[in-house]
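The next block holds one structure in the form of structure tokens; read it before the comments.
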Protein chains: 2
Amino acid sequence: MSGRSRTRYAVLGALSQHPMSGYDVKGVLETIVGHFWHESFGQIYPILRELVAGGLATVDTERGAGRPERHVYTVTPQGTAELNRWLAEPVDHHQRPRHELLLKLFFGAGLPREVTLRLVERHREEVEVMLATYGEIRIALQDESIANDRGRPFWLATLRYGELTAEATLRWCDETAELIRALADSQETAALDGASAATGL
Amino acid sequence: MSGRSRTRYAVLGALSQHPMSGYDVKGVLETIVGHFWHESFGQIYPILRELVAGGLATVDTERGAGRPERHVYTVTPQGTAELNRWLAEPVDHHQRPRHELLLKLFFGAGLPREVTLRLVERHREEVEVMLATYGEIRIALQDESIANDRGRPFWLATLRYGELTAEATLRWCDETAELIRALADSQETAALDGASAATGL
DNA sequence: TCCAACATGTAAGGAGTTACATGATTTC
DNA sequence: GAAATCATGTAACTCCTTACATGTTGGA
């Protein structure tokens with residue numbers, strides 16, 4: 001019932017691909033969707049229960065000899081309707097992001113230049129790793145088993161979003177690193193004066 | 001004491017600019033920092049209390065005749081040390097983002113093309129608004145009162161981040177809208193067949 | 001006269017993470 | 001024999017938002 005938790009829709013969305021277990025839902029959310037969404041088991045399992053209680057999904061329990069139980073969830077027509085209703089709703093633009101690096105830079109003028117530079121360089125490395133991950137996802141999406149899936153163009157679009165913003169971020173990192181280096185020359189003495197206070201020693 | 005709440009550092013950061021009230025902290029966080037950070041009063045006031053209790057800040061209460069009380073907080077040297085310690089720490093890369101639009105697109109292949117198109121176009125409009133806001137912030141940062149502030153280059157850098165990623169997003173929106181339109185032609189019949197089921201009617 | 005801005009706080013509750021608890025099967 | 005993967009769930013706790021409660025000053 002509750003407010004604006006989007007977890008139920010992420011789970012419903014995963015199930016809409018094909019029936020699967022809670023463990024599988026987590027897997028889907030971690031791999032292809034992982035670069036822009038995530039859910040923990042602590043969220044997924046209770047939600048699956050709610051979905052069944054609300055008639056949006058059904059469960060089948062598979063028992064292999066001695067194997068752990070496997071609960072396979074299937075979306076009902078009501079579940080599909082509820083998912084599609086939400087998908088068509090305008091995006092809730094209300095949640096503002098929190099970007100820790102930017103916060104650190106914003107208040108980091110008093111730090112020695114190597115420290116802020118390091119922050120930016122580290123971020124650059126992480127973005128490079130992300131870009132590499134996108135490359136892997138792109139290869140996975142070339143698999144012929146999904147070549148004709150009607151979802152594929154949209155999956156590629158979400159990937160493209162990651163690539164374009166990552167590339168922009170890379171450019172920003174280079175620009176900003178350059179800026180900090182340029183700043184260093186004119187602030188050399190100030191940085192030295194302030195170094196001990198700035199690092200709190 | 002707690003885990004990884006960054007609220008205390010955001011507040012400490014605001015106070016590090018100059019002594020101010022809780023109301024002012026909110027103001028700072030909403031204006032120049034607003035495009036990449038936010039805090040609610042429900043967080044700010046308790047944190048200010050904690051900061052004083054922990055010796056990281058001090059309070060002065062201003063009483064104008066009949067006016068509401070104004071509590072002005074000042075960072076102590078320990079507060080500055082604690083802030084700088086955190087600022088120099090590598091960014092906690094652990095928090096993955098949640099991008100609602102991408103989630104909707106990812107699972108939205110079954111929707112009529114106008115619906116997904118609308119989602120993308122709406123996003124484009126919002127990004128344009130953001131870019132306009134950045135323009136206003138840029139003008140505010142040209143004010144001569146802060147022209148010599150050593151923080152200014154860093155403030156401009158955070159702004160630049162917003163601009164570069166917003167521009168990349170704009171490009172993505174155009175590309176994706178084009179893609180959806182192209183898709184429509186080949187999926188016309190499928191869209192018509194599935195329209196009633198897709199909208200849940 | 002009313003509204004916006006200034007100003008401070010608390011309480012309830014929702015959202016989400018992390019750690020815990022448990023155990024089988026498969027692969028190296 | 002160990003580690004990774006498959007598999008399900010709960011409990012405690014943190015974080016954060018929202019709503020509530022209250023009151024002043026200044027401008028349109």
Side-chain angles (χ1 to χ4, degrees), chain A residues 1-11 14-15 19-31 34 36-53 57 59-73 92-98 100 103, chain B residues 1-11 14-15 19-31 34 37-53 57 59-73 92-100 103:
Chain A
M1 316 295 89
S2 52
R4 50 193 63 65
S5 173
R6 295 157 300 173
T7 298
R8 50 193 288 108
Y9 301 108
V11 173
L15 295 182
M20 61 176 83
S21 68
Y23 190 84
D24 294 336
V25 169
K26 172 80 170 162
V28 165
L29 293 176
E30 251 176 19
T31 51
F36 62 85
W37 207 266
H38 67 276
E39 296 291 346
S40 63
F41 281 125
Q43 292 272 101
I44 293 168
Y45 285 116
I47 285 282
L48 284 170
R49 211 167 247 236
E50 278 177 37
L51 291 178
V52 174
V59 209
D60 273 298
T61 303
E62 288 179 2
R63 278 188 200 80
R67 283 222 253 92
E69 283 197 345
R70 190 181 146 84
H71 305 302
V72 178
Y73 295 84
D92 182 5
H93 187 56
H94 196 55
Q95 6 248 322
R96 270 169 306 169
R98 288 181 155 186
E100 188 175 319
L103 190 68
Chain B
M1 317 288 94
S2 52
R4 51 193 62 67
S5 173
R6 295 156 300 171
T7 298
R8 53 195 283 110
Y9 302 108
V11 173
L15 294 181
M20 60 176 83
S21 68
Y23 190 84
D24 294 336
V25 169
K26 172 79 170 164
V28 165
L29 293 176
E30 250 176 18
T31 51
W37 206 266
H38 67 275
E39 296 292 347
S40 62
F41 281 125
Q43 291 273 102
I44 293 169
Y45 285 117
I47 286 282
L48 284 170
R49 209 168 248 235
E50 278 176 37
L51 292 178
V52 174
V59 210
D60 273 297
T61 302
E62 288 179 1
R63 280 190 200 77
R67 283 225 252 91
E69 283 198 344
R70 190 182 145 86
H71 306 301
V72 178
Y73 295 84
D92 183 5
H93 186 56
H94 197 54
Q95 5 248 324
R96 271 167 307 168
R98 287 181 156 188
H99 199 303
E100 189 176 318
L103 190 67

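Residue numbering restarts at 1 for every chain, and letters A, B, ... go by the order of the sequence lines.
Contact between the side-chain N/O atoms of B:T7 and the OP1/OP2 oxygens of D:dC16 is found at a separation under 4.0 Å. Using a 4.0 Å cut-off, some side-chain N or O of A:H38 falls inside it from OP1 or OP2 of C:dT17. Of the side-chain N and O atoms in B:S21, one or more sit less than 4.0 angstrom from OP1 or OP2 of C:dT8. Contact annotation: B:S5 side-chain N/O to D:dC16 OP1/OP2 distance is under 4.0 Å. Contact annotation: B:R98 reaches the phosphate of C:dG16 (side-chain N/O to OP1 or OP2, under 4.0 Å).
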Restricting both atoms to N or O, compile the protein contacts to nucleotides 18-21 of chain D shorter than 3.5 Å, with distance only.
none

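Applying the side-chain contact (heavy atoms from CB on, under 4.5 Å) criterion to A:Y23, with sequence neighbours excluded, gives A:S21, A:F41, A:Y45. Evaluation of the salt bridge (charged side-chain N to carboxylate O under 4.0 Å, His left out) rule for B:R98 yields A:E39 as partners, not counting sequence neighbours. Under the rule for a side chain to side chain donor-acceptor pair (under 3.5 Å), the partners of B:E30 that lie at least two apart in sequence or sit in another chain are B:K26. With sequence neighbours left out, A:H93 forms a side chain to side chain donor-acceptor pair (under 3.5 Å) with B:E126.
What separates CD1 of A:I44 from C1' of D:dG9 is a distance of 12 Å, to the nearest Å. Taking atom CD of residue B:E50 and atom P of nucleotide D:dC15, one finds them 9 Å apart after rounding to whole Å. Atom CD of B:E69 and atom C1' of D:dT22 are 13 Å apart (whole Å). Between the P atom of C:dA4 and the OH atom of B:Y23 lies a distance of 12 Å, rounded to the nearest Å. Straight-line distance from the CZ atom of B:R49 to the P atom of C:dA11: 10 Å, rounded to whole Å. Distance, B:E30 CD to C:dA4 C1': 14 Å, rounded to whole Å. Separating the CD atom of B:E39 from the C1' atom of D:dC16 is a distance of 9 Å, rounded to the nearest angstrom. The NE2 atom of A:H71 sits 9 Å away from the C1' atom of D:dG9 (whole-angstrom rounding).
With axes fitted over five pairs at each extremity, the angle between the ends of the helix from C:dT1-D:dA28 to C:dC28-D:dG1 is 40° (10° resolution).
The two atoms that bring A:A14 and A:V25 nearest to each other are CB-CG1, 4.1 Å, heavy atoms only.
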Quick one, A:E50 with A:I47, criterion side chain to side chain contact (heavy atoms under 4.5 Å, CB included). Give me CA distance, side-chain angles, the key distance, then yes/no. CA-CA 5 Å; A:E50 278 177 37; A:I47 285 282; 4.2 Å; yes
B:L48/B:L15 under side chain to side chain contact (heavy atoms under 4.5 Å, CB included): CA gap, chis, key distance, verdict: CA-CA 10 Å; B:L48 284 170; B:L15 294 181; 4.0 Å; yes
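Under the 3.5 Å distance criterion, the side-chain polar atoms of B:E100 are matched with a main-chain donor or acceptor of A:D92.
At a cut-off of 3.5 Å, with distance as the only test, a side-chain donor of A:Q43 or A:T7 sits close to an acceptor on the other residue.
When the nucleotides C:dT8, D:dC16, D:dT10 are ranked by their closest atom to the side chain of A:Y45, D:dT10 comes out on top.
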